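All ligand and atom numbering here is 1-based and tracks the order in the structure. Since this is a predicted model, take the numbers as computed values, not measurements. Note that these values count all heavy atoms, side chains included, but never hydrogens, waters or copies made by symmetry. Quick note: residue numbers are just sequence positions, from 1.
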Amino acid sequence: MSSLGLIPFSFHQMNTQFKLQPLDTLTFDNSFTRELPSDPETTNNRRQVKQSCYSRVHPTKASRPQLVAYAREVAEELNITSSVCETEDFVQVFSGNRSLSGMDHYATCYGGHQFGTWAGQLGDGRVINLGEIVNKYGERRTLQLKGAGPTPYARMADGFAVLRSSVREFLCSEAMHHLGIPTTRALSLVTTGDQVVRDMLYDGNPKPEPGAVICRVAQSFTRFGSFQIFTARGETDVLQRLIDYTIRTDFPHLGEPSTEVYLRWFEEVCRRTAEMIVHWMRVGFVHGVMNTDNMSILGLTIDYGPYGWLEDYAPDWTPNTTDAGGRRYCFGNQPQISHWNLTQLAQAIYPLIEQQEPLHLALGRYAKEFEHGWQSMMAQKLGLNAFDPVTDVDLVTELQEILQLVETDMTIFYRQLAEVDISTEPLNDASDMKLLEPLMEAYYETDQLTRDMITRTGKWIRCYKARVQKDSTLNGSRRKRMNAVNPNYVLRNYLAQLAIEKAEQGDNSRINELLELLRRPYDEQPGKEEYAKKRPDWARHRAGCSMLSCSS
Ligand code: AMP
Ligand code: MG
C-alpha cells in the first residue's frame with residue numbers, strides 16, 4: 001500500500017521537473033563566448049585573468065526572490081510576453097536561481113581609468129551574463145544579471161547589489177530610452193530576500209539593506225576598458241580578436257576588419273559617443289562616474305550609479321559626493337571627459353594601427369561633431385529652424401549665463417519658454433516682468449530675482465523673440481517642436497528616492513507608477529502634474545536626493 005501510494009507522488013515530481021516552462025522556448029546564440037578566448041580556470045575565486053575576454057561563473061542563489069517590476073517593452077523585444085513576466089518561473093530565472101538550456105554564464109574581463117588614473121583589471125565584479133538572444137527583428141541582445149553574486153573580478157567587494165541602486169538603474173535606463181537616448185535597458189528588477197550590508201554615504205555607518213538583482217539587456221556591454229586591459233598587458237593578439245569580433249558583430253557595415261576598418265570603427269565610436277553626450281546635455285543628465293570602464297563602445301549610456309538630473313541649472317553640479325572635490329564628472333565637463341576617454345581608447349587600439357595622425361584626426365572630429373550636434377540640439381530646444389552661428393552663438397551663451405543668475409530649474413525653464421508668446425506686443429513695449437511671466441515657475445526663489453536680473457533676462461527674451469520671428473514660425477508649431485525635445489518629466493532625484501523608500505517598506509507601487517509616467521516623458525499627463533514640479537525644499541540637501549555615493 002505504501003509503495004503504491006508513492007508512485008503517483010514520484011510521477012508528480014517528474015512532471016514538474018521536466019515540464020517545459022514558457023521561458024524554456026528562448027533560444028540562445030552565444031557568439032561572445034563562442035568566438036573569444038576564455039579563462040581556462042573555472043573556480044570562482046578572485047584573481048587576475050590573463051589572455052582571456054571572460055570567465056565562466058554561476059550566479060549565487062537568491063533565498064526568496066520576488067518580482068518588483070519589469071519592463072514589458074524589453075520583454076517584448078526578447079519575445080517574452082507580459083503574462084510570462086508575472087510567473088514564478090520568470091522570477092526564478094531572472095534572479096539567477098534557474099538556468100535555461102542554452103544559457104552560458106560568464107563575467108567579462110575589462111580594465112579602466114577611474115577618475116583619470118589607470119586602475120588595472122576591473123571586470124564584471126557583480127555582473128553575470130546569461131547569453132545572447134537573437135530576437136524576431138534579427139537583433140542580438142545580451143542578457144546579464146547585476147547583483148547576482150561575486151565573480152573572479154569582484155576584487156574586495158561582495159558581488160551583490162542593494163534595492164536602492166537597483167531601482168535607480170532600472171528606472172533610469174528605461175527613462176533614458178523613452179527620452180530617445182541610447183542606453184542599456186532593464187528587463188526586470190527582483191529582490192533576493194537576502195540582506196546586503198552597505199555604508200551608504202561612506203561615513204562609517206554600514207547597515208543591512210535589501211538585496212536585489214536587475215536583468216540588463218543591450219546589444220553589447222563592451223566598454224572602452226574592455227580593449228584597454230589587453231593593451232595594458234601587452235596582449236595584442238587578444239586585443240585584435242576582440243576588435244575583430246566587435247566589428248563583425250556590432251559594426252558589420254564597416255566591412256571586414258583591416259587597419260583601415262579599425263580607423264573607421266574608431267571614428268564611428270567617436271561619433272556615437274558625441275551623439276550620446278549631446279543627448280545628456282539636452283535633458284540635463286549627469287552620469288556621475290564617467291570612468292573608461294563605464295563608456296560603452298556602442299555609445300550607450302551604461303552603468304547607472306550616482307547619476308543625477310540637473311534641477312537647478314549649474315554646469316559644475318555633480319550628484320556624486322565621491323567626486324565633490326574635483327568635480328571631474330560634473331554636468332559641464334561631460335563633453336571634455338568623453339574626449340579624454342576616447343583618447344584612452346585611441347591609445348588602446350594604437351598597437352593595431354601604429355599611426356598617430358589618423359587617430360588624432362578622428363579625435364578632432366569628435367570635438368567638431370560634438371559642437372555641431374550640440375548647436376543643432378540647442379536650436380531645437382529653443383524652437384529655431386536651424387542654428388545660425390552669426391546670431392545664435394551669442395544668444396545661447398547669454399542664455400547659459402541667465403540660467404545661472406539665480407536658482408533656475410532647467411527642465412521647467414525650457415518647457416515654459418515654449419509658452420512665451422512670440423506673436424504679441426511690439427517687442428520694446430512689454431515690461432520685463434511681463435516678459436518673464438511664463439518663466440516664473442522655473443525659479444526656485446522668486447524673491448532672489450533682482451531688478452538687474454529681471455532686466456537682463458527681459459533683454460534676452462526680446463532677442464529670443466526677434467530671433468524666432470526671423471524664422472516666421474507660429475507659436476503653436478514652435479511649442480510642439482520644443483516640447484518634443486524638452487521633456488516635461490524626468491527622473492528627478494527625489495522622485496527616485498521616494499519610490500525607493502516605499503519599495504524598502506515592501507510597496508512597489510511608486511516604482512511602477514514612475515515607470516509608466518516616464519514612458520511618455522514629453523507629454524502632459526493629466527493627474528501627474530505633481531511629478532513635473534520643482535524639487536521640494538526638503539529634498540535640497542537630503543541623501544539620495546542631492547547626495548549620492550558610489551555605494552551600491
Ligand atoms: P562601477 O563604479 O559600478 O562602475 O564599478 C567599478 C568596478 O567595481 C567594476 O569592476 C564593478 O564590477 C566592481 N564592483 C562594484 N560594486 C561591486 C560589488 N558590490 N561587488 C563586486 N564588484 C563590484
Ligand atoms: Mg561600471
Side-chain angles (χ1 to χ4, degrees), residues 44-49 53-55 57-60 62 96 105-129 144-166 168-170 172-173 183-184 186 192 194-200 202 206-214 216 218 220-229 232 286-298 300-308 318-323 328-329 337 341 344 548-552:
N44 190 0
N45 62 324
R46 291 136 209 251
R47 58 182 180 270
Q48 292 291 307
V49 175
C53 290
Y54 65 93
S55 307
V57 58
H58 286 280
T60 302
H105 299 97
Y106 62 96
T108 68
C109 180
Y110 55 78
H113 279 87
Q114 296 186 315
F115 296 91
T117 306
W118 176 244
Q121 178 182 299
L122 297 167
D124 289 330
R126 55 167 164 178
V127 157
I128 297 182
N129 294 274
Q144 60 172 224
L145 302 180
K146 182 170 177 179
T151 75
Y153 307 94
R155 296 178 294 152
M156 310 294 282
D158 58 11
F160 297 108
V162 293
L163 180 58
R164 129 181 90 76
S165 63
S166 307
R168 285 172 50 81
E169 173 145 18
F170 176 84
C172 197
S173 59
T183 177
T184 63
T192 58
D194 303 306
Q195 304 262 290
V196 175
V197 175
R198 288 288 181 273
D199 183 356
M200 189 170 95
Y202 294 143
K207 69 172 182 67
E209 298 186 43
V213 173
I214 57 171
R216 304 199 294 193
S220 148
F221 289 92
T222 302
R223 300 131 192 280
F224 291 8
S226 309
F227 302 91
Q228 287 183 282
I229 187 74
V286 190
H287 182 284
V289 204
M290 290 176 71
N291 292 334
T292 57
D293 53 305
N294 292 338
M295 297 290 293
S296 146
I297 205 69
L298 292 173
L300 307 174
T301 313
I302 192 173
D303 280 11
Y304 292 84
Y307 68 80
T318 172
N320 184 359
T321 49
T322 318
D323 190 26
R328 180 180 173 87
Y329 298 140
I337 287 294
N341 288 343
Q344 307 316 307
L548 292 147
S549 76
C550 291
S551 159
S552 56

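Remark: the Thr183 side chain and the Tyr304 side chain contain an N/O donor-acceptor pair separated by less than 3.5 Å.
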Which pairs would a plain distance check flag for residues 291-298, meaning a side-chain donor or acceptor within less than 3.5 Å of a matching protein atom at least two apart in sequence or in another chain?
unit_1 : atom_1 : unit_2 : atom_2 : d
Asn291 : OD1    : Phe115 : N      : 2.7
Asn291 : OD1    : Tyr329 : OH     : 2.6
Thr292 : OG1    : His113 : N      : 2.6
Thr292 : OG1    : Gln228 : OE1    : 2.6
Asn294 : ND2    : Val289 : O      : 2.9
Ser296 : OG     : Leu298 : N      : 2.9
Ser296 : OG     : Gly299 : N      : 3.2
Ser296 : OG     : Leu300 : N      : 3.1

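To the nearest 0.5 Å, atoms OG1 (Thr151) and OH (Tyr106) are separated by 13.0 Å.
Excluding water, every protein N/O/S atom under 2.8 Å from the Mg ion (ligand 2) is given here by residue and atom: Asn294 OD1, Asp303 OD2.
Two residues are said to be in side-chain contact when any heavy atoms from C-beta on lie closer than 4.5 Å; Val49 and Gln121 meet this criterion. A 4.5 Å side-chain heavy-atom check between Ser55 and Tyr153 finds at least one atom pair inside the cut-off. In this structure the side chain of Val127 reaches within 4.5 angstrom of the side chain of Arg216, judged on heavy atoms. The shortest side-chain heavy-atom distance between Phe221 and Thr108 does not fall under the 4.5 Å cut-off.
The backbone N or O of Lys146 sits nowhere less than 3.5 Å from a side-chain atom of Arg126 that would complete a donor-acceptor pair.
Remark: Thr318 pairs with no residue by the side-chain hydrogen bond (donor to acceptor under 3.5 Å, both in side chains) rule, at least two apart or across chains.
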Under 3.5 Å: N or O atoms of ligand 1 paired with protein N or O:
unit_1   : atom_1 : unit_2 : atom_2 : d
ligand 1 : 4 (O)  : Asn294 : OD1    : 3.0
ligand 1 : 4 (O)  : Asn294 : ND2    : 3.2
ligand 1 : 8 (O)  : Arg155 : NH2    : 2.7
ligand 1 : 10 (O) : Gly123 : O      : 2.6
ligand 1 : 12 (O) : Gly123 : O      : 3.1
ligand 1 : 12 (O) : Gly125 : N      : 2.8
ligand 1 : 16 (N) : Arg126 : NE     : 3.3
ligand 1 : 19 (N) : Asp158 : OD1    : 3.2
ligand 1 : 19 (N) : Phe160 : O      : 3.3
ligand 1 : 19 (N) : Arg198 : NH2    : 3.3
ligand 1 : 20 (N) : Gly159 : N      : 2.8

